Chemist: 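Have a look at this one.
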Amino acid sequence: MASLRIALAQTAPRLGALAENLAEHAQRIAEARGQGARLVVFPELGLTGYLLQDLAAEVAMPRDDPRLVALARAAGDGAAIVSFVEESEDHRLFIAAALLEGGGVRHVHRKVHLPTYGLFDEERFFAAGTGFRAVRSEALGVTLGIAVCEDFWHLPAPWLLALDGAQLLVNVSSSPGRDVAAGHAEGIGTAGSWRTLLRTYAQLTTSHLLYVNRVGVDESLSFWGGSEAIGPSGETLAQAPLHDPALQLVDLDLAEVRRRRIATPLLRDERPELVARRLDVLLRTRAGEIPGEGE
Amino acid sequence: MSSADPVTEPLFPLPAELAIDTDAARRITTAFIRAQLQQAGFPRVVLGLSGGIDSALVAYLVAEAVGAENLLAVLMPYRSSSPASRGDAEEVVRRLGCASELVEITPMVDAYFGAPGREDASALRRGNAMARVRMIVLYDHSVTWGGLVAGTGNKTEALIGYTTLFGDSACAFNPIGDLYKSQVRQLSEAVGVPAEIIRKAPSADLWPGQTDEAEVGFSYAEVDRILWRLVDRRLTPDEVVAEGFDAALVDRIDRMVAGAEFKRQVPPIAKLGPRTAGIDYLYPRRRPRSART
């Protein structure tokens, strides 16, 4: 069986402490590789901490930064997904997740959906990414669909990634725990909401799915962890604890995606052209180009 | 309440919609306390222990988070404070095994109000002065004990403004400030705060026999249910009334919340320069190089 061992690195980043977090990442990569993991996945802004505000510019790196290259080398013939503040050549700051392999930065996803409501204020500090693209990992022999946290609170993200060829969806997250009302399965409302979304996406896209959420505390916010791996039928394959740091290992049977997609060909039966046609009408209606329809 | 005798009366009224998962709340608040200390570079905590439920709960949470040996409880009675309150505070100290210190605030407060022209100061002025003198004592002990001052105010009193600005609301961090009084009671029971403290009527203890609920004219369970609807569920006052609550009471609470907005925020600074703290100079409170070394 084509098995892929993965480590979900559920870390507690130090806010603004780039050097410390880089060292922690290198250490976890070495540890995971020592346990046979081929891919190590870290949480959103694992290299910088989440609630950066004006610190964002101070910890930003270009995507070819030597410190990222050093982490890529640490991943050896395997791969790692790490998240940091990316500064573009024209000095925009992005929340980025990079696939590191082959001794360099293979692919960067810039977070598209920046929540700016409730306890979130991301658009004040960051520019938004402009798309979702699946990426082939030569090191792992699988096509990945990488997204960051809030990206998965929008239906098109996992759908587009799967249509683009992803068989392994990866969401890296900094999800603050909130709503401790009695009656939630795991004590935190946020956790329950995420669990529901992730299973739905894995099942509807018949893909493996990795979710890596951080732990620890930034100011008032406590991050709940609970990282997990989900199979293409929506089944739980591995789950890290809530609240505590962990290096959770999971072995994925890559052939399961093929079996699932043959048995339940949901992805084959998608009708993207129908969606595109209708979206085109909706967009032109919203722009006022088609009077009378909708608005 | 699984260990309670089924025929025993509950210790307190808990409206169903306010019930929390105490395991999760306990987990989050204790990790929060540890993180505040670690990020600030302080190993210890100091707090004012009144004998009431709020400060007792925070003492228990701190002891659970970092060990009772890292907690200093300061008892700060005024001459009119109830001896029973002091007894309850001493019971908490005894059960936790933490360090404690007794600082009578009577001489400090009376020195001020004993001056000509101040002898007939109102109970409100005196109560505020007591709260602010306690703040002075706690922040001085913050230095001598090497501990951060833990806040002990709950969400209910912060929302309705039943606090003294720069008095009991002054602190380095507050682990229970997002819990309504009803939820403070629920978490207190879960962490083992003595039942007598949970059961007794909450009081600012400014004069003998005073209780919060008699003073403001409504029960905590009632105000919590209304606040939860107005604040957390974002219902309008009319919508709260439509759910069966007394219109006059809803209106009064809505005004109290609005009137106390200033107590919950950092005072405004006149904007003059290119970059102004709190407006367009925005940093986390704790960041690299900010910890005490």
Side-chain angles (χ1 to χ4, degrees), chain A residues 12-22 45 47-59 117-119 121-126 175-192 214-226 241-245, chain B residues 1 14-41 65 151 155 171-180 182-184 186-187 189-190 228 232-234 275-291:
Chain A
R14 297 281 193 91
L15 187 57
L18 189 54
E20 280 180 48
N21 294 325
L22 278 161
L45 293 178
L47 286 173
T48 63
Y50 177 74
L51 210 65
L52 292 163
Q53 299 182 289
D54 286 352
L55 280 175
E58 298 174 28
V59 297
Y117 58 81
L119 59 87
D121 200 15
E122 294 184 10
E123 273 187 8
R124 178 180 170 88
F125 301 101
F126 297 104
S175 170
R178 53 207 186 278
D179 184 10
V180 293
H184 294 303
E186 295 176 287
I188 301 172
T190 330
R214 63 165 287 188
V215 291
V217 179
D218 282 359
E219 308 283 293
S220 293
L221 308 182
S222 299
F223 300 87
W224 55 276
L242 263 59
H243 307 295
D244 287 326
Chain B
M1 286 191 276
L14 178 63
E17 68 271 35
L18 292 167
I20 56 168
D21 185 306
T22 52
D23 288 343
R26 190 171 180 172
R27 195 66 211 253
I28 289 172
T29 50
T30 50
F32 169 83
I33 291 165
R34 282 190 295 273
Q36 300 305 314
L37 295 182
Q38 183 247 320
Q39 291 164 13
K155 187 172 184 172
C171 62
F173 65 87
N174 182 340
I176 65 164
D178 202 19
L179 293 176
Y180 289 111
S182 305
Q183 298 168 331
V184 164
Q186 198 195 346
L187 187 56
E189 186 176 42
W228 183 73
D232 295 272
R233 284 182 57 206
R234 301 175 192 247
R275 208 167 172 212
T276 310
I279 300 172
D280 43 20
Y281 174 89
L282 299 173
Y283 280 91
R285 304 164 64 89
R286 306 297 182 192
R287 56 178 171 119
R289 296 188 297 282
S290 73

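Excluded from the calculations below are hydrogen atoms, water molecules and symmetry mates; all remaining heavy atoms, backbone and side chain alike, are included. Within every chain, numbering begins at 1; the chains are lettered A, B, ... in the order of the sequence lines, protein sequences first and strands thereafter. A quick note: this is a predicted structure, and the numbers were derived from the prediction, not measured.
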Chemist: At a heavy-atom separation under 4.5 Å, does A/E20 approach chain B through its side chain, its backbone, both, or neither?
Modeler: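 A/E20 has no heavy atom closer than 4.5 Å to chain B.
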Chemist: Quick check on B/R285 against chain A: is it the side chain, the backbone, both or neither that has a heavy atom closer than 4.5 Å?
Modeler: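 For B/R285, heavy atoms of backbone and side chain both lie under 4.5 Å from chain A.
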Chemist: Less than 4.5 Å apart, side chain to side chain, heavy atoms only: is that true for A/D218 and A/F223?
Modeler: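 They are in contact (side-chain heavy atoms under 4.5 Å apart), so the answer is yes.
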Chemist: Under a 4.5 Å heavy-atom cut-off, does chain A meet the side chain of B/Q186, its backbone, both or neither?
Modeler: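 Interface part for B/Q186: neither.
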Chemist: Which bit of B/Q39 comes within less than 4.5 Å of chain A, counting heavy atoms only: side chain, backbone, both or neither?
Modeler: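 Looking at B/Q39, just its side chain touches chain A.
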Chemist: Given heavy-atom pairs under 4.5 angstrom as the criterion, report whether the side chain, backbone, both or neither of A/L221 touches chain B.
Modeler: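 When you check distances to chain B, no heavy atom of A/L221 falls under 4.5 Å.
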Chemist: Is it the backbone or the side chain of A/L51 that comes under 4.5 Å from a heavy atom of chain B, or both, or neither?
Modeler: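 Backbone of A/L51 only, per the 4.5 Å heavy-atom cut-off to chain B.
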Chemist: In terms of heavy-atom pairs under 4.5 Å with chain A, which of B/P288, B/A24, B/P284, B/A35 leads?
Modeler: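 That would be B/P284.
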Chemist: Picking from A/G49, A/G187, A/A182, which has the most non-hydrogen pairs under 4.5 angstrom with chain B?
Modeler: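 Highest number of heavy-atom pairs under 4.5 Å: A/A182.
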Chemist: Is chain A contacted by the side chain of B/Q38, its backbone, both, or neither, given a heavy-atom distance below 4.5 Å?
Modeler: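 For B/Q38, the side chain is the part near chain A, not the backbone.
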Chemist: Does a side-chain N-to-carboxylate-O contact under 4.0 Å join B/D178 and A/R178?
Modeler: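 Salt bridge absent between B/D178 and A/R178.
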Chemist: Can you tell if the side chain of A/E186 reaches within under 4.5 Å of the side chain of B/D21, non-hydrogen atoms only?
Modeler: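 Sidechains of B/D21 and A/E186: no contact.
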Chemist: Where does A/L52 contact chain B at under 4.5 Å (heavy atoms): side chain, backbone, both or neither?
Modeler: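 Just its backbone gets close to chain B.
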Chemist: Salt bridge or not between B/R275 and B/D280? Use side-chain N to carboxylate O under 4.0 Å.
Modeler: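 Answer for the salt bridge query: no.
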Chemist: Can a side-chain donor-acceptor contact be found between A/Y50 and A/E122 if the only test is distance below 3.5 angstrom?
Modeler: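 Short answer, yes.
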Chemist: Report, as yes or no, whether the 6.0 Å neighbourhood of atom CZ on A/R14 holds more than 12 heavy atoms from other residues, nucleotides or ligands.
Modeler: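 Atom CZ in A/R14 is not packed in, count stays at 12 or less.
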Chemist: Could you check A/H184 against A/T190 for side chain to side chain contact (heavy atoms under 4.5 Å, CB included), going step by step and ending with a plain yes or no?
Modeler: CA-CA 9 Å; A/H184 294 303; A/T190 330; over 6 Å; no
